[in-house]
Asks: 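What follows is a structure written as C-alpha cells; I'll ask about it next.
On a predicted model such as this, the values are computed, not experimentally measured, just so you know. By convention here, the first residue in the shown sequence is residue 1.
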Amino acid sequence: MISRRAVLGFAATLALPLSARSAVKVEPWAQILIDAAKAQIGVTPAYDPSYRKLDFPGGDVSRAVGVCTDVIIRAFRDAMDIDLQKLVNADMRQAFGDYPQIWGLKRPDPNIDHRRVPNLQTYFRRSGAAKPVTSAAADYLPGDIITQMLPGNLPHMALVADEMSADQSRCLVVHNIGRGAQLEDTLVAFDITGHYRFIFSQRCKSDFHCAF
C-alpha cells in the first residue's frame, strides 16, 4: 500500500511561488474561511494522525500537528465559531447507522469521529452541502470543500482557496497532505470523490444542519 508520506513527495512538486499566483473573486463568507485556513500555514508544520483524547466540545490536538481534516475543522472554528466536533457528534447520536461502519465502533467517539474524512463527508451530505462532482476545475469555487482519493486508497480533504494556478485554469487548495498546512496546486492532482459548499448563518450555533 502506498503511504501518505510517499504521496506528499509528488504533491511537493506542485507547490508554486507566490509570483505565479493571482487572486480570484471570492464571496465574503468564503474569504473569511479561506483566511482562517491560510493562517494555519507555518503554524501547523507536521502531519500526525495519532489518536488522542480531546476536550469536548472545542477539542483539538496541538496546533503544531494535524491531519487533512484538521485544516477544515480549525478554519470553521477560527472563522465562524462553528465546531464540527460538536456538530458531527450530535448528528451521529441521532443517526449513527447512517455513518460509515469502518472502524468497528458501537457508538460515537468525539475524540476522533470528526477528524475522519468519511464521517465529514457524511455529515456534509446529510446537511445538504453536497454539490456535483465533476471533472471541470471551474466548478470548484473558493470556500468549497473537496475530498479526494490518494494513491493507496487514502481519503483526503482540502479547502479550495482564493488563488489561481500558474496557468489560471484552477484554484489552489489549502490542505495538509503530509507536510503540515500548505497552499498547493492539487485540485485536479487526485481523483475528486466529494464536493461540498457549507455556508452558514447565525442559526448554525443551535442547528446541527447549517448548509443553505
Asks: To the nearest 0.5 angstrom, please state how far the CG atom of D185 sits from the CD atom of E163.
Replies: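 Nearest 0.5 Å value for the CG-CD distance: 11.5 Å.
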
Asks: State, yes or no, whether a side-chain contact exists between N111 and R52 at a heavy-atom distance under 4.5 Å.
Replies: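 When only atoms from C-beta onward are counted, R52 and N111 do not touch, as no gap falls below 4.5 Å.
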
Asks: What's the verdict on salt bridge (Lys or Arg N to Asp or Glu O under 4.0 Å) for R179 and E184, showing C-alpha distance, side-chain angles and the deciding distance?
Replies: CA-CA 11 Å; R179 301 187 321 281; E184 295 183 306; 2.4 Å; yes

Asks: Would you say the side-chain atoms of Q148 pair up with the backbone N or O of T186, donor to acceptor, closer than 3.5 Å?
Replies: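 Checking the backbone N and O of T186 against the side chain of Q148, a donor-acceptor pair under 3.5 Å is found.
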
Asks: Within this structure, what is the CG-NZ distance for the pair L172 and K38, rounded to the nearest 0.5 Å?
Replies: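 Answer for the CG-NZ pair, L172 versus K38, is 8.0 Å.
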
Asks: Mind checking whether D83 and F56 have side chains closer than 4.5 Å, heavy atoms only?
Replies: no

Asks: Can a donor-acceptor pair be found, under 3.5 Å and without considering hydrogens, that links the side chain of N119 to the backbone of D113?
Replies: yes

Asks: Verify the cluster assignment for F124 and L141: are they in a single hydrophobic cluster under the rule of side-chain heavy atoms below 4.5 Å apart?
Replies: no

Asks: Ignoring hydrogens and geometry, is there a side-chain-to-backbone donor-acceptor pair from H195 to P132 under 3.5 Å?
Replies: yes

Asks: Of V173, I34, L159, which meets side chain to side chain contact (heavy atoms under 4.5 Å, CB included) against P142?
Replies: I34

Asks: Using the side-chain hydrogen bond (donor to acceptor under 3.5 Å, both in side chains) rule, take Q31 and D162 through it: C-alpha gap first, then chi angles, then the decisive distance, then the call.
Replies: CA-CA 7 Å; Q31 191 66 66; D162 56 347; 2.8 Å; yes

Asks: Could you list who else is in Y51's hydrophobic cluster, with ILVMFWY side chains joined at under 4.5 Å, directly or through other members?
Replies: I112

Asks: Give the C-alpha distance, both sets of side-chain angles, the deciding distance and a yes or no for side-chain contact (heavy atoms from CB on, under 4.5 Å) between V117 and C68.
Replies: CA-CA 8 Å; V117 172; C68 61; 3.7 Å; yes

Asks: Please test M164 against C171 for side-chain contact (heavy atoms from CB on, under 4.5 Å), starting from the C-alpha separation and ending with a verdict.
Replies: CA-CA 4 Å; M164 297 293 290; C171 289; 3.9 Å; yes

Asks: Just wondering, do Y99 and R116 contact through their side chains at under 4.5 Å, heavy atoms?
Replies: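 Sidechains of Y99 and R116: no contact.
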
Asks: Within this structure, what is the OG1-CG distance for the pair T122 and D91, rounded to the nearest 0.5 Å?
Replies: 9.0 Å

Asks: Report the residues that fulfil side-chain contact (heavy atoms from CB on, under 4.5 Å) with S169, sequence neighbours left out, ordered by chain and then residue number.
Replies: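 S169 satisfies side-chain contact (heavy atoms from CB on, under 4.5 Å) with S165, D167 once adjacent residues are dropped.
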
Asks: Decide whether Q85 and R77 meet the rule of one side-chain donor and one side-chain acceptor closer than 3.5 Å.
Replies: yes

Asks: With a 4.5 Å heavy-atom cut-off, do I73 and H114 have their side chains touching?
Replies: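 Yes, at least one pair of side-chain atoms sits under 4.5 Å.
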
Asks: Do the side chain of D35 and the main chain of I32 share a donor and acceptor less than 3.5 angstrom apart?
Replies: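 No: the side chain of D35 does not pair with the backbone of I32.
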
Asks: For a quick check under 3.5 Å, do Q182 and H175 share a side-chain donor-acceptor pair by atom type?
Replies: no

Asks: Does some side-chain heavy atom of V133 sit less than 4.5 Å from a side-chain heavy atom of T193?
Replies: no

Asks: Where the side chain of D78 meets the backbone of A75, is there a donor-acceptor pair that is under 3.5 Å apart?
Replies: no

Asks: Is there a donor-acceptor pair closer than 3.5 Å between any side-chain N or O of T44 and the backbone N or O of V65?
Replies: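 No, the answer is negative, given that no donor and acceptor are paired below the 3.5 Å cut-off.
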
Asks: Under 6.0 Å between ring centres, would you say that holds for F198 and Y123?
Replies: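 Yes: the rings meet the under 6.0 Å criterion.
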
Asks: Which atoms form the tightest heavy-atom contact between S62 and R74, and what is the distance?
Replies: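 Between these two residues, the closest heavy atoms are O-NH2, 3.2 Å.
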
Asks: Hey, does the side chain of N176 reach the backbone of G180 with a donor-acceptor pair shorter than 3.5 angstrom?
Replies: yes

Asks: Is there a donor-acceptor pair under 3.5 Å between the side chain of S127 and the backbone N or O of A129?
Replies: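 A pair under 3.5 Å: no.
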
Asks: Taking Y140 for its side chain and T134 for its backbone only, find out whether a donor-acceptor pair lies under 3.5 Å.
Replies: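 Pair found, side chain donor or acceptor close to backbone of T134.
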
Asks: Measuring only between side-chain heavy atoms, which start at C-beta, is K131 closer than 4.5 Å to D144?
Replies: no

Asks: Yes or no on side-chain contact (heavy atoms from CB on, under 4.5 Å) for D48 and V61, after CA distance, side-chain angles and deciding distance?
Replies: CA-CA 10 Å; D48 185 349; V61 299; over 6 Å; no

